[in-house]
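Position 1 is the first residue of the sequence; numbering continues from there.
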Amino acid sequence: QAATCGDLYCTPGNAGITIEEGVQTVAVDEKDHAAVIAFCKEKSVGLVVCGPEAPLVDGLADSLNAAGIPCFGPSASAARLEGSKAFMKDLLLKYNIPSAKYQRFTDPAKAKA
């Protein structure tokens with residue numbers, strides 16, 4: 001751990017990470033951007049490493065950056081590339097970028113045919 005790093009807060013985190021000195025899990029809902037921002041400001045968080053896909057696709061990194069809180073993570077627009085396989089495949093097809101063939105189905109019978 002870097003000497004300049006203070007406490008490390010994780011949400012939702014897990015019991016395993018709390019065995020590390022200076023690591024705390026906190027009950028902040030990553031879907032509630034205002035609550036995350038308030039927590040970061042209250043604790044003077046210097047950097048947020050945001051993930052996995054769902055909060056990124058939901059725009060948490062955008063909200064944090066807009067609030068002046070440095071955040072390592074892609075914008076919601078960029079996160080869609082990983083967060084939605086259908087979006088990504090449609091994008092690849094649109095621009096003729098080589099990829100494995102695919103089709104989308106809503107009818108299980110048609111998918112099996």
Legend entry - Contact check, side chains of Val48 and Cys40, non-hydrogen atoms, under 4.5 Å: yes
Legend entry - Results of side-chain hydrogen bond (donor to acceptor under 3.5 Å, both in side chains) for Asp62 - residues two or more places apart only: none
Legend entry - Separation between CG of Asp32 and OG of Ser63, rounded to the nearest 0.5 Å: 10.0 Å
Inset, instruction - Determine whether Val23 and Cys10 make a side-chain contact, defined as any pair of heavy atoms from C-beta on separated by less than 4.5 Å. - result: yes
Inset, instruction - Is it possible for you to say whether Met88 and Tyr95 belong to one hydrophobic cluster, with membership spreading through side-chain heavy-atom contacts below 4.5 Å? - result: yes
Legend entry - salt bridge (Lys or Arg N to Asp or Glu O under 4.0 Å) partners of Lys43, counting only residues at least two apart: none
Legend entry - Contacts of type side chain to side chain contact (heavy atoms under 4.5 Å, CB included), residue Leu47, not counting sequence neighbours: Val49, Pro70, Phe72
Legend entry - From CZ (Phe87) to CZ (Arg80), nearest 0.5 Å: 4.0 Å
Legend entry - Any donor-acceptor N/O pair, Asp29 side chain to Lys31 backbone, under 3.5 Å: yes
Legend entry - Within one Ile-Leu-Val-Met-Phe-Trp-Tyr cluster: Val36 and Val26, side-chain cutoff 4.5 Å: yes
Legend entry - Asp58 side chain reached by Glu30 side chain, heavy atoms, under 4.5 Å: no
Legend entry - Cluster check Leu93, Ile97: I/L/V/M/F/W/Y, side chain < 4.5 angstrom: no
Inset, instruction - Only one of Thr11, Asn14, Thr18, Leu8 passes side-chain contact (heavy atoms from CB on, under 4.5 Å) with Thr25; say which it is. - result: Thr18
